[in-house]
Amino acid sequence: MTKLAQTLGLTETQNEILATVRRFVEKEIIPNAPEFEKSDTYPQAIVDHMKDMGLFGLMIPEEYGGLGESLLTYALCVEELARGWMSISGVLNTHFIVAYMLRQHGTEAQKQRFLPRMATGETRGAFSMSEPELGSDVAAIRTRATRTDDGNYTIDGQKMWLTNGGTSTLVAVLVRTDEGADKPHRNLTAFLVEKPVGYGEVAPGLTIPGKIDKLGYKGIDTTELIFDGYVANADDILGEAPGQGFFQMMDGIEVGRVNVSARACGVGIRAFELAVRYAQQRQTFGKPIAEHQAIAFQLAEMATKVEAAHLMMVNAARLKDSGERNDVAAGMAKYLASEFCSEVTEQSFRIHGGYGYSKEYEIERLMRDAPFLLIGEGTSEIQKNIISKRLLAEYRI
Ligand SMILES: Cc1cc2nc3c(=O)[nH]c(=O)nc-3n(C[C@H](O)[C@H](O)[C@H](O)COP(=O)(O)OP(=O)(O)OC[C@H]3O[C@@H](n4cnc5c(N)ncnc54)[C@H](O)[C@@H]3O)c2cc1C
């Protein structure tokens with residue numbers, strides 16, 4: 001057999017990109033992650049290197065300065081990066097969603113304004129829907145943009161859980177505009193808010209209070225975002241189309257789900273690799289623990305889960321690349337990959353015995369990182385809602 005999580009049918013260019021990212025992960029990320037993670041320090045040197053590699057422009061069309069690669073290429077790169085350290089893939093994730101939404105829904109002027117700078121990583125995207133009172137129930141958003149007589153908008157309200165909140169310079173924010181539509185979803189609008197890097201009142205009426213202290217997913221900044229009389233122009237609305245924000249953000253989330261499944265695949269692969277190595281080194285009762293059937297069977301289960309998650313993720317990416325809608329495939333991939341990642345990580349942790357509980361061992365970090373994948377881009381329950389609704393429509397009697 002070959003190693004796990006191989007992908008058939010890749011082009012030479014895709015294989016070259018992946019080989020470069022894999023080398024980068026081995027050389028720069030795996031050895032340095034523990035230091036950044038322990039001190040919860042932003043991995044600036046790694047991010048700078050990713051800029052040089054063109055990773056921030058991977059899916060941005062060539063005409064705007066990017067590499068014009070497919071969702072599959074992107075997802076496979078994310079899988080590699082997350083294998084090294086999940087937080088690094090998080091630096092790319094929100095940027096990639098915002099660039100994708102601009103590409104799909106932005107006006108030509110907005111694409112010209114943002115995409116070339118996003119391709120180099122000079123402008124970095126963040127994506128904001130959640131609020132203190134809501135995450136799954138997006139239509140309940142309270143942050144409000146009120147149109148003023150001069151045609152601008154004043155935004156007031158509080159956003160929560162903004163990944164890359166302090167380090168980004170362009171935030172796609174979903175807010176309530178209530179401009180008369182009868183359906184709640186049609187009263188939501190996506191604004192493109194430019195801001196400087198940093199914390200505190202970064203622009204008049206716009207405050208990033210500071211980093212939220214998290215269980216895992218360290219290094220990367222997750223913040224709140226407070227609007228208090230912040231003034232936005234009408235041409236800061238994505239696609240200059242008020243009332244379309246919900247659909248635009250859901251489109252972004254759909255590719256985001258492929259991305260989260262790729263991250264879960266990467267963390268799962270790493271958890272498996274750590275377990276299969278440790279199981280051959282650790283001896284009990286006169287032989288390596290891998291020779292006890294209970295452990296060997298766990299390795300077999302873990303490998304099967306890693307393989308299944310990878311295949312579902314690749315399928316969801318390829319479906320989107322073919323131009324088809326992939327909401328169900330992405331929901332299934334996200335659900336399965338994140339649940340399997342959690343299981344595989346715990347199995348690896350158990351195989352490590354007491355050492356798995358020590359911060360000296362990498363699996364300890366994976367145990368704290370993996371749970372986020374069950375939540376980000378929609379919890380497992382939300383994925384099951386999406387999947388079951390579509391199933392019942394398709395199989396209606
Ligand atoms: C580290 C981190 C980073 C994040 N980054 C971002 C970001 O960059 N941008 C952003 O907008 N958000 C971000 N989020 C927020 C994330 O998307 C939400 O936490 C997630 O969508 C869940 O929402 P919630 O926390 O409000 O939970 P709730 O929606 O309150 O759900 C609580 C529980 O109820 C369940 N539940 C809810 N509704 C239903 C239902 N209809 N049926 C069955 N069960 C249900 C959920 O599955 C969950 O188990 C981040 C979160 C974390 C932890």
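Just follow the structure's listing: the first ligand is 1, and inside any ligand the first atom is 1. Just so you know, residue 1 is the first one in the sequence shown, and it goes up from there.
Residue-to-ligand polar distances keep Lys214 apart from ligand 1: every N/O pair is separated by 3.5 Å or more. At under 3.5 Å, a nitrogen or oxygen of Ser130, whether backbone or side chain, sits near a nitrogen or oxygen of ligand 1. Between Asp137 and ligand 1, a contact under 3.5 Å exists for no N or O pair. Of the polar atoms of Phe372, none of the N or O atoms is found under 3.5 Å from an N or O of ligand 1, judged by distance alone. Checking only distances, Met129 does come within under 3.5 Å of ligand 1, N or O to N or O. Below 3.5 Å of separation, one finds an N or O of Phe127 facing an N or O of ligand 1.
Close approach of ligand 1 to Tyr217 is summarised as follows: ligand atoms under 4.0 Å from at least one heavy atom of the residue are 1 (C). Here is the list of ligand 1 atoms found below 4.0 Å of a heavy atom in Ile375: 19 (O), 20 (C). Near Gly135, the atoms of ligand 1 lying under 4.0 angstrom from a non-hydrogen atom of the residue are 21 (O), 23 (O), 24 (P), 26 (O). Listed by atom number, the atoms of ligand 1 under 4.0 Å from Leu134 heavy atoms are 26 (O).
In this structure, of Thr163, Leu225, Asn385, the residue bringing a heavy atom nearest to atom 3 (C) of ligand 1 is Thr163.
Under the 4.0 Å distance rule, the nearest protein heavy atom to atom 30 (O) of ligand 1 falls outside the cut-off. Note that atom 34 (O) of ligand 1 has no protein non-hydrogen atoms nearby, at separations under 4.0 angstrom.
Neither the backbone nor the side chain of Ala126 comes within 4.0 Å of ligand 1, counting heavy atoms alone.
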Tabulate below the donor-acceptor pairs under 3.5 Å that side-chain atoms of residues 33-42 make, not counting sequence neighbours, or state none.
unit_1: Glu37; atom_1: OE2; unit_2: Arg368; atom_2: NH1; d: 3.1
unit_1: Glu37; atom_1: OE2; unit_2: Arg368; atom_2: NH2; d: 2.3
unit_1: Ser39; atom_1: OG; unit_2: Glu35; atom_2: O; d: 3.0
unit_1: Ser39; atom_1: OG; unit_2: Thr41; atom_2: OG1; d: 2.6
unit_1: Asp40; atom_1: OD1; unit_2: Gly219; atom_2: N; d: 2.7
unit_1: Thr41; atom_1: OG1; unit_2: Ser39; atom_2: O; d: 3.4
unit_1: Tyr42; atom_1: OH; unit_2: Arg124; atom_2: NH2; d: 2.6

